[in-house]
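So the structure is just underneath, and the comments pick up after that.
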Amino acid sequence: QVQLVESGGGLVQPGGSLRLSCVVSGFTVDYYTTAWFRQAPGKGREAVSCISGNDGSTIYTESVKGRFTISRHKGENTVYLQMNSLKPEDTAVYYCAADTGDVCWTGTRPIDYNSWGQGTQVTVFS
């Protein structure tokens, strides 16, 4: 049974940092495509970043390039999202997602993933 559990969200001032964690069970992170999505109030769920299960290549949405870094740790079976230089527009619920397919690409969508975590709230305020 595949399970994903996110943690690490919280309140932070603009310019601050947070590291989100997604502990997975039921599969090995190196062999699945995993992604972080976010959903702000009143908006759709958008892809933030993904990491390919095939070759470890990564994709970032334009607005977070240079600020966020996705990574995975096989021994801990965990996927991370390091978020630096946070902005108020980064405020959202962040979700971890996974799929067995090779779905990490620029246009990756929520429908491409069949396993989801419960989400963790990130709030950036001044």
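Classified by interplanar angle (parallel below 30°, tilted 30° to 60°, perpendicular above 60°), the ring pair Y94/F68 is tilted.
Once rounded to the nearest 0.5 Å, the distance linking OG of S115 with CD of Q3 reads 10.0 Å. Atom CZ of R109 sits about 15.5 Å away from atom CD of E46, to the nearest 0.5 Å. Interatomic distance, N84 CG to S17 OG, rounded to the nearest 0.5 Å: 3.5 Å. Note: Q39 CD to Q121 CD = 11.0 Å, rounded to the nearest 0.5 Å. Atom SG in C96 sits 7.5 Å away from atom CD1 in I70 (nearest 0.5 Å). Within the model, atoms CE of M83 and OG1 of T69 stand 11.0 Å from one another, a figure rounded to the nearest 0.5 Å.
In the hydrophobic clustering of this structure, Y113 does not group with V24; members are Ile, Leu, Val, Met, Phe, Trp, Tyr whose side-chain heavy atoms approach within less than 4.5 Å, directly or through other members. Tracing side-chain contacts under 4.5 Å through hydrophobic residues (I, L, V, M, F, W, Y), one never reaches Y80 starting from L20; they form parts of separate clusters. V48 and V12 fall within a single hydrophobic cluster, where Ile, Leu, Val, Met, Phe, Trp and Tyr are joined by side-chain heavy atoms under 4.5 Å apart, directly or via other members. Cluster membership check: I51 shares its hydrophobic cluster with W36, using side-chain heavy-atom separations under 4.5 Å among Ile, Leu, Val, Met, Phe, Trp and Tyr.
Side-chain contact between V29 and E76 is absent, with no heavy-atom pair separated by less than 4.5 Å. The shortest distance between side-chain heavy atoms of V93 and T120 does not fall below 4.5 Å. Looking only at side-chain heavy atoms (C-beta outward), L86 and P14 stay at 4.5 Å or farther from each other. Inter-residue side-chain proximity for V23 and L4 is flagged as unmet; no heavy-atom pair is nearer than 4.5 Å.
Judged by distance alone, the side chain of T33 and the main-chain N or O of G53 form a donor-acceptor pair under 3.5 Å. The backbone N or O of R67 lies less than 3.5 Å from no partner atom in the side chain of S85, so there is not a single donor-acceptor pair. Between the side chain of Q82 and the backbone N or O of R19 there is no donor-acceptor pair closer than 3.5 Å.
For the pair R38 and Y95, the NZ or CZ position fails the cation-pi test of under 6.0 Å to the six-membered ring centre and within 45 degrees of the ring normal.
Within a 6.0 Å sphere centred on CZ of F125, other residues, nucleotides and ligands contribute more than 12 heavy atoms. Other residues, nucleotides and ligands place no more than 12 heavy atoms under 6.0 Å from the CD atom of E62.
Scanning both residues, T28 and N77, for their nearest heavy atoms gives CA-OD1, 3.4 Å. The nearest pair of heavy atoms linking W116 to P110 is CZ2-O, 3.4 Å. Closest approach of D30 and R72 over heavy atoms only: OD1-NE, 3.4 Å. Here the shortest heavy-atom pairing between Q118 and V5 reads OE1-CA, 3.8 Å. Of all heavy-atom pairs spanning V103 and T108, the tightest one is O-OG1, 2.7 Å. The two atoms that bring T78 and S21 nearest to each other are CG2-CB, 4.1 Å, heavy atoms only.
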Test side-chain contact (heavy atoms from CB on, under 4.5 Å) applied to Y31 and T100, step by step: CA-CA 7 Å; Y31 306 133; T100 56; over 6 Å; no
Test ring-ring contact (aromatic ring centres under 6.0 Å, His included) applied to F27 and Y32, step by step: CA-CA 8 Å; F27 67 94; Y32 273 49; 4.0 Å; yes
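Looking only at atom types and distance, the side chain of D55 has a donor-acceptor partner in the side chain of S57 under 3.5 Å away.
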